[in-house]
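Read through the structure below, which is laid out as structure tokens, and then see the notes.
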Amino acid sequence: MTDLILYNTLSRKKETFSPINPGKVGMYVCGPTVYGHAHLGHARPAITFDVLFRYLKKCGYKVRYVRNITDVGHLEADADSGDDKIAKKAVLEQLEPMEIVQLYTDSYHRSMEFLNVRKPSIEPRASGHIIEQQEMVQKILDEGYAYESNGSVYFDVKKYDNNHNYGKLSGRVLEDLITTTRELDGQQEKRNPFDFAIWKKANPEHLMQWTSKWSEGFPGWHLECSAMSTKYLGKEFDIHGGGMDLLFPHHECEIAQSRIANGRHSVKHWIHNNMITINGQKMGKSLGNFITLDELFSGTHNTLEKAYSPMTIRFFILQAHYRSTLDFSNEALQAAEKGYLRLMKAWDILQKCKPGKESSLSVQQLEDRCSTAINDDLNTPILIAQLFEGVKWINLLIEGKESLTESDLIKLKSLFEKYLFNVLGLKDEQTASSNDGLTPQLIDLLLSIRQEAKANKDFARSDQIRDQLTGLGIKIKDSKEGSSWEM
RNA sequence: GGUCUCGUGGCCGAGCGGCUAGGCGGCGGUCUGCAAAACCGUAUACAGCGGUUCGAAUCCGCUCGAGACCUCCA
């Protein structure tokens with residue numbers, strides 16, 4: 001088998017993946033800030049790293065996958081307030097901050113389950129790791145890379161840059177940052193504008209705050225990932241993932257903090273997924289151009305022409321490479337839906353294929369191509385293209401135009417099982433949802449009456465049943481084996 | 001303004017020096033009482049202009065256009 005190659009943002013090159021501890025992989029991915037329902041953009045890293053998680057396990061690694069929930073620490077964008085984003089929303093909605101956190105965490109989990117995203121091994125919350133974060137602040141202070149100012153503690157970026165290299169991940173140069181850093185709250189307290197808070201003193205009305213030796217306050221946002229990754233994965237671990245928008249400053253700051261607190265560079269392999277765009281622009285909270293996953297699943301958003309199933313969304317995302325931007329449109333989503341259904345249908349047909357005396361197709365070659373694709377920096381679009389090649393084969397097999405021996409047929413089935421279901425994490429939505437309630441039985445009954453009419457050449461009657469069912473939104477599909485339907 | 005990406009056929013999206021990407025849509029066919037569905041086949045492309053090379057969508061330069069980060073963001 002070929003080696004797994006992954007692009008490393010740190011080196012800007014594709015690198016052969018080899019874990020620090022043989023057979024074991026530690027992976028940390030930045031999870032959501034739970035102050036709103038998850039939108040399409042949140043699905044991208046979740047699915048990208050889900051595929052990596054699944055594939056690493058398939059390769060036989062023991063993987064510890066940590067994905068956090070950010071429930072404290074973000075400063076409000078408006079410089080006047082300085083409030084925690086979650087606390088702000090709580091005041092607005094007259095709820096306890098933790099109630100908001102619970103509401104949206106549950107919502108996130110539900111969406112992830114719909115998308116067939118596996119749960120991470122550990123899902124730590126920032127609010128549950130205040131002690132660890134305070135310890136890290138102290139450690140950085142002890143090392144002399146942070147200073148206290150009016151109850152807040154700031155990371156001394158300039159000092160860090162003298163001895164290490166601040167900006168190595170994002171390709172930034174400190175001198176440039178001096179001129180481009182924006183004015184923020186607490187700027188007067190800092191030695192340099194690019195210094196960032198690792199502990200922030202809270203206003204009295206601030207709802208989420210904790211006691212510390214510096215002030216009643218809360219940890220800086222960047223700190224939580226450093227603290228929690230260290231706690232669960234150690235001072236050095238294999239993979240750190242997240243969205244490209246987190247590259248600077250979040251991940252850059254994380255590198256600096258961990259370097260000082262842990263005495264070494266913590267992350268070996270940085271992986272970043274690109275953004276989902278809508279009309280060519282990044283989909284995001286601040287632009288207000290996002291569509292939540294719930295809205296996609298139910299079709300309740302004015303830009304949506306219809307509802308799109310979770311597997312359609314998953315397939316849509318996997319059809320693009322994770323490092324490319326992916327543009328949302330109804331047309332693209334509907335294309336994805338058709339493609340996904342075609343794959344599922346082929347899987348169904350494959351179960352009915354009978355073995356032949358010899359093989360006219362090379363399953364091994366297809367397997368090799370699939371393996372090459374996924375190993376090449378998780379090239380899921382190529383992998384999917386290979387699976388469509390398999391779809392074509394399956395359709396020719398059932399028609400008797402190609403043949404496979406019994407062992408090759410089994411091999412093809414396990415190839416689909418491995419890549420389509422286990423690695424890409426798709427599942428068949430059709431079979432799961434179509435057999436509940438009385439309606440399906442009633443439709444089947446009507447179809448059998450229609451079948452009878454057709455047999456008697458009473459086409460007026462059979463067309464009447466078809467047209468009226470169509471009017472009710474039920475699509476009839478005739479084939480040699482009989483009629484089927486879908487809503 | 002600084003740093004960095006990207007511009008591929010009607011749409012979405014791979015490829016990153018020579019070999020058909022793929023999906024959706026279109027067109028042609030098979031099947032069918034008809035239609036739909038399904039399946040098979042097929043056409044259309046690399047923003048523009050130069051350069052390097054035997055050969056460029058792929059490398060280099062310029063021009064035009066779009067976007068990301070520099071502030072919370074997946």
Side-chain angles (χ1 to χ4, degrees), chain A residues 12 29-33 35-36 38-49 70 73-79 85 167 170-173 175-185 194 221 241-250 252 272-277 280-287 290 315-316 319-321 323-340 342-343 345-346 349 373 379-389 391-392 394-396 398-399 401 454 457-459 462-463 466-467 470 475-480 483-486:
Chain A
R12 285 157 203 262
V29 174
C30 291
T33 306
Y35 64 103
H39 59 73
L40 185 56
H42 290 100
R44 190 120 197 234
I47 289 171
T48 299
F49 295 104
T70 296
H74 276 179
L75 292 170
E76 189 65 72
D78 304 322
K85 220 164 210 170
S170 57
R172 258 155 246 261
V173 183
E175 286 79 70
D176 298 341
L177 288 172
I178 295 167
T179 54
T180 59
T181 303
R182 214 172 77 159
E183 277 294 307
L184 276 177
D185 178 45
F194 42 70
W221 170 43
M244 258 181 197
D245 50 351
L246 299 180
L247 228 153
F248 190 89
H250 185 55
E252 201 66 65
H272 292 93
N273 63 276
N274 213 322
M275 301 292 105
I276 289 181
T277 59
Q281 255 196 335
K282 177 183 164 181
M283 183 181 284
K285 274 261 152 55
S286 31
L287 287 163
F290 62 92
F315 184 77
F316 169 68
Q319 251 192 323
H321 186 84
R323 283 194 289 117
S324 302
T325 54
L326 171 60
D327 200 52
F328 161 89
S329 70
N330 279 286
E331 216 179 344
L333 239 26
Q334 279 161 33
E337 181 175 51
K338 292 256 186 133
Y340 157 71
R342 188 151 179 251
L343 277 168
K345 181 155 293 175
I349 295 171
N379 200 327
T380 55
I382 296 279
L383 174 56
I384 288 170
Q386 295 309 327
L387 291 175
F388 274 111
E389 180 67 20
V391 168
K392 194 174 283 182
I394 290 165
N395 287 321
L396 292 169
I398 198 78
E399 304 241 321
K401 288 175 182 164
K454 277 175 73 172
K457 300 218 186 288
D458 183 359
F459 298 125
S462 75
D463 288 357
R466 180 176 69 197
D467 294 347
T470 305
K475 224 192 276 177
I476 309 298
K477 296 175 185 176
D478 293 338
S479 69
K480 274 181 199 155
S483 302
S484 65
W485 58 273
E486 65 183 45

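The figures that follow rest on heavy atoms only: side chains count, while hydrogens, waters and symmetry mates do not. Naming: A, B, ... by sequence-line order, numbering from 1 per chain.
- At a cut-off of 3.5 angstrom, the base of B/A36 holds no donor-acceptor pair with the side chain of A/R466.
- Within 4.0 Å (heavy atoms only), A/H39 reaches at least one base atom of the nucleic acid.
- Across all strands, A/N273 comes closer than 4.0 Å to base atoms (heavy-atom distances).
- In this structure, the CZ atom of A/F248 is 8 Å from the P atom of B/C70, given to the nearest Å.
- Comparing the same atom, C1', in B/G48 and in B/C39 gives a spacing of 42 Å after rounding to whole Å.
- Rounded to a whole angstrom, the distance from the C1' atom of B/U5 to that of B/C31 is 49 Å.
- For A/R342, the salt bridge (charged side-chain N to carboxylate O under 4.0 Å, His left out) test picks out no residue, with sequence neighbours left out.
- Considering only side-chain N and O atoms, A/T33 lies under 4.0 angstrom from the phosphate OP1 or OP2 of B/A74.
- Considering only side-chain N and O atoms, A/K475 lies nowhere under 4.0 angstrom from the phosphate OP1 or OP2 of B/A37.
- The base of B/A14 is not paired with the side chain of A/N379 by any donor and acceptor separated by under 3.5 Å.
- OP1 and OP2 of B/G22 both lie 4.0 Å or more from every side-chain N or O belonging to A/K392.
- Between A/Y340 and A/F315, the ring planes are tilted. Angles from 30° to 60° get that label.
- In this structure, A/I476 reaches the bases: a heavy-atom distance under 4.0 Å links it to at least one base atom across the strands shown.
- Taking atom CD of residue A/Q319 and atom P of nucleotide B/A21, one finds them 17 Å apart after rounding to whole Å.
- The residue A/I276 sits close to a base: some heavy atom pair falls under 4.0 Å.
- Across the C1' atoms, B/A57 and B/G15 are found 9 Å apart, a figure rounded to whole Å.
- At a cut-off of 3.5 angstrom, counting only N and O atoms as typed in the model, there is no donor on one side facing an acceptor on the other between the side-chain of A/D327 and the base of B/G67.
- The side chain of A/K282 contributes an N or O atom lying less than 4.0 Å from OP1 or OP2 of B/C69.
- Atoms CG (A/N274) and C1' (B/G13) sit 14 Å apart, rounded to a whole Å.
- Nearest heavy atom pair, residue A/G41 against residue A/M283, reads N-SD, 4.1 Å.
- A/K401 is linked by a salt bridge (charged side-chain N to carboxylate O under 4.0 Å, His left out) to A/E399, counting only residues two or more places apart in sequence or in another chain.
- Considering only side-chain N and O atoms, A/R342 lies under 4.0 angstrom from the phosphate OP1 or OP2 of B/C40.
- Stacking between A/F388 and the base of B/G23 is absent under the criterion of ring centres within 5.5 Å and planes under 30 degrees.
- The residue A/N395 sits close only to the backbone: its heavy atoms come under 4.0 Å of sugar-phosphate atoms, none of a base.
- Rounded to an integer number of Å, the gap from CD of A/Q386 to P of B/A14 is 15 Å.
- Within the 4.0 angstrom heavy-atom criterion, only backbone atoms of the sugar-phosphate kind lie near A/L246; the bases stay farther away.
- Rounded to whole Å, the distance from NZ on A/K401 to C1' on B/C40 is 6 Å.
- When the nucleotides B/A21, B/U3, B/C70 are ranked by their closest atom to the side chain of A/P381, B/A21 comes out on top.
- The same atom, P, is picked in B/C49 and in B/U8; the two are 16 Å apart, to the nearest Å.
- The CE atom of A/M283 sits 13 Å away from the P atom of B/A68 (whole-angstrom rounding).
- Secondary-structure stems of RNA chain B, taken as three or more successive Watson-Crick or G-U wobble pairs (i with j, i+1 with j-1) under a 3.5 Å distance threshold, comprise B:1-7 with B:64-70, B:10-12 with B:22-24, B:26-30 with B:38-42, B:47-51 with B:59-63.
- Minimum atom distance to the side chain of A/S286 is reached by B/C72, of the listed B/A14, B/G67, B/C72.
- Contact between the side-chain N/O atoms of A/T48 and the OP1/OP2 oxygens of B/A74 is not found at any separation under 4.0 Å.
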